[in-house]
**Q** 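Could you have a look at this structure, given as structure tokens, before my questions?
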Amino acid sequence: QVHLMESGGGSVQAGGSLKLSCRVSVYTVSRVCMGWFRQVPGKEREVVAGIDSLGRTHYRDSVKDRFTISHDSTFNNLLLKMDSLKPEDTGMYYCATNGRSICWFPVRASEFNPWGQGTQVTVSS
């Protein structure tokens with residue numbers, strides 16, 4: 001069975017926007033520390049943003065003020081709204097939890113699992 005599923009990626013021009021969604025079926029997203037991550041082939045998976053049960057958020061410097069992570073409590077989804085996209089934002093985006101209720105920021109990608117199939121984001125110049 002699929003426990004989480006990322007969606008919402010696509011191809012956009014620089015400066016465009018996308019909203020990613022992570023549907024979770026086996027736990028309540030607002031009760032745990034969750035994160036969005038991205039990966040480019042040949043490089044380590046990197047943290048994009050995190051959010052915990054207290055609603056606290058944290059972002060990597062390169063996306064601060066452009067991305068917003070939030071809970072969609074109605075449908076138990078984790079969201080990532082991305083504005084003013086840049087080519088360097090290109091990558092496969094994943095969501096996951098580290099099993100804790102409160103995040104210790106900055107979070108480490110190695111603590112999060114399992115990973116879904118991801119959703120591809122491609123930003124063209």
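As the structure is a prediction and not an experimental result, all values here were calculated from the model.
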**Q** For Tyr59 and Arg66, indicate whether the former's side chain and the latter's backbone hold a donor-acceptor pair under 3.5 Å.
**A** no
**Q** Tell me, which pairs form a disulfide (SG to SG under 2.5 Å) where one or both residues lie in residues 35-98, sequence neighbours left out?
**A** Cys22-Cys95
**Q** Mind checking salt bridge (Lys or Arg N to Asp or Glu O under 4.0 Å) for Asp72 and listing every partner two or more places apart, or none if nothing turns up?
**A** none
**Q** How long is the straight-line distance from OG of Ser30 back to CG of Asp52, given to the nearest 0.5 Å?
**A** 10.5 Å
**Q** Could you check whether any side-chain heavy atom of Tyr94 comes within less than 4.5 Å of a side-chain heavy atom of Gln39, counting everything from C-beta outward?
**A** yes
**Q** Using side-chain contact (heavy atoms from CB on, under 4.5 Å), reason through Leu85 and Phe67 one step at a time and then give a plain yes or no.
**A** CA-CA 9 Å; Leu85 283 162; Phe67 291 11; 3.9 Å; yes
**Q** State, with a plain yes or no, whether a side-chain heavy atom of Val63 is found less than 4.5 Å away from one of Met82.
**A** no
**Q** To the nearest 0.5 Å, what is the distance between CZ (Arg23) and OG (Ser7)?
**A** 7.0 Å
**Q** Quick check: closest heavy atoms across Cys103 and Ile51, and the distance to 0.1 Å?
**A** SG-O, 3.5 Å
**Q** Any side-chain heavy atom of Leu79 sitting closer than 4.5 Å to one from Ser21?
**A** yes
**Q** Mind checking whether Ile102 and Ser53 have side chains closer than 4.5 Å, heavy atoms only?
**A** yes
**Q** How would you list, by chain and number, every residue that makes a side-chain contact (heavy atoms from CB on, under 4.5 Å) with Asn76, sequence neighbours excluded?
**A** Val24, Thr28, Val29
**Q** To check you understand the geometry: which heavy-atom pair defines the closest contact between Ser125 and Ala14, and what is its length?
**A** CA-CB, 4.5 Å
**Q** Side chains of Leu20 and Glu6: closer than 4.5 Å at any heavy-atom pair?
**A** no
**Q** Under the criterion side-chain contact (heavy atoms from CB on, under 4.5 Å), I'd like the reasoning laid out for Leu78 against His71: C-alpha separation, chi angles, the key distance, then a yes or no.
**A** CA-CA 5 Å; Leu78 180 71; His71 300 125; 4.2 Å; yes
**Q** Hydrophobic clustering (ILVMFWY, side-chain heavy atoms < 4.5 Å, transitive) - are Ile69 and Met92 grouped together?
**A** no
**Q** Give a yes or no on this: more than 12 heavy atoms of other residues, nucleotides or ligands lie within 6.0 Å of atom OH of Tyr27.
**A** yes
**Q** Identify, with sequence neighbours excluded, every residue that meets salt bridge (Lys or Arg N to Asp or Glu O under 4.0 Å) alongside Arg31.
**A** none
**Q** Please name all residues satisfying side-chain contact (heavy atoms from CB on, under 4.5 Å) with Glu46, sequence neighbours left out, ordered by chain then number.
**A** Arg38, Arg60
**Q** Measure the shortest side-chain to side-chain distance between Val47 and Arg108 over non-hydrogen atoms and say whether it is less than 4.5 angstrom.
**A** no
**Q** Looking at residues at least two apart in the chain, or sitting in another chain, which of them share a ring pair (Phe, Tyr, Trp, His ring centres under 6.0 Å) with Phe112?
**A** Phe37
**Q** Say whether, by atom type as modelled, one donor and one acceptor occur between the side chain of Thr119 and the main chain of Tyr93 under 3.5 angstrom.
**A** no
**Q** Taking the six-membered ring for Trp, are His58 and Phe105 parallel (under 30°), tilted (30 to 60°) or perpendicular (over 60°)?
**A** parallel
**Q** Do Met34 and Val26 share a hydrophobic cluster, counting only Ile, Leu, Val, Met, Phe, Trp and Tyr and linking them when any side-chain heavy atoms are less than 4.5 Å apart?
**A** yes
**Q** Rounded to the nearest 0.5 Å, what separates atom CG in Asp83 from atom CG in Asp65?
**A** 11.0 Å
**Q** Examine Val121 and Trp115 and state if one hydrophobic cluster contains both, with Ile, Leu, Val, Met, Phe, Trp and Tyr joined whenever side-chain heavy atoms are less than 4.5 Å apart.
**A** no
**Q** Does the side chain of Val107 come within less than 4.5 Å of Cys33's, by heavy atoms?
**A** yes
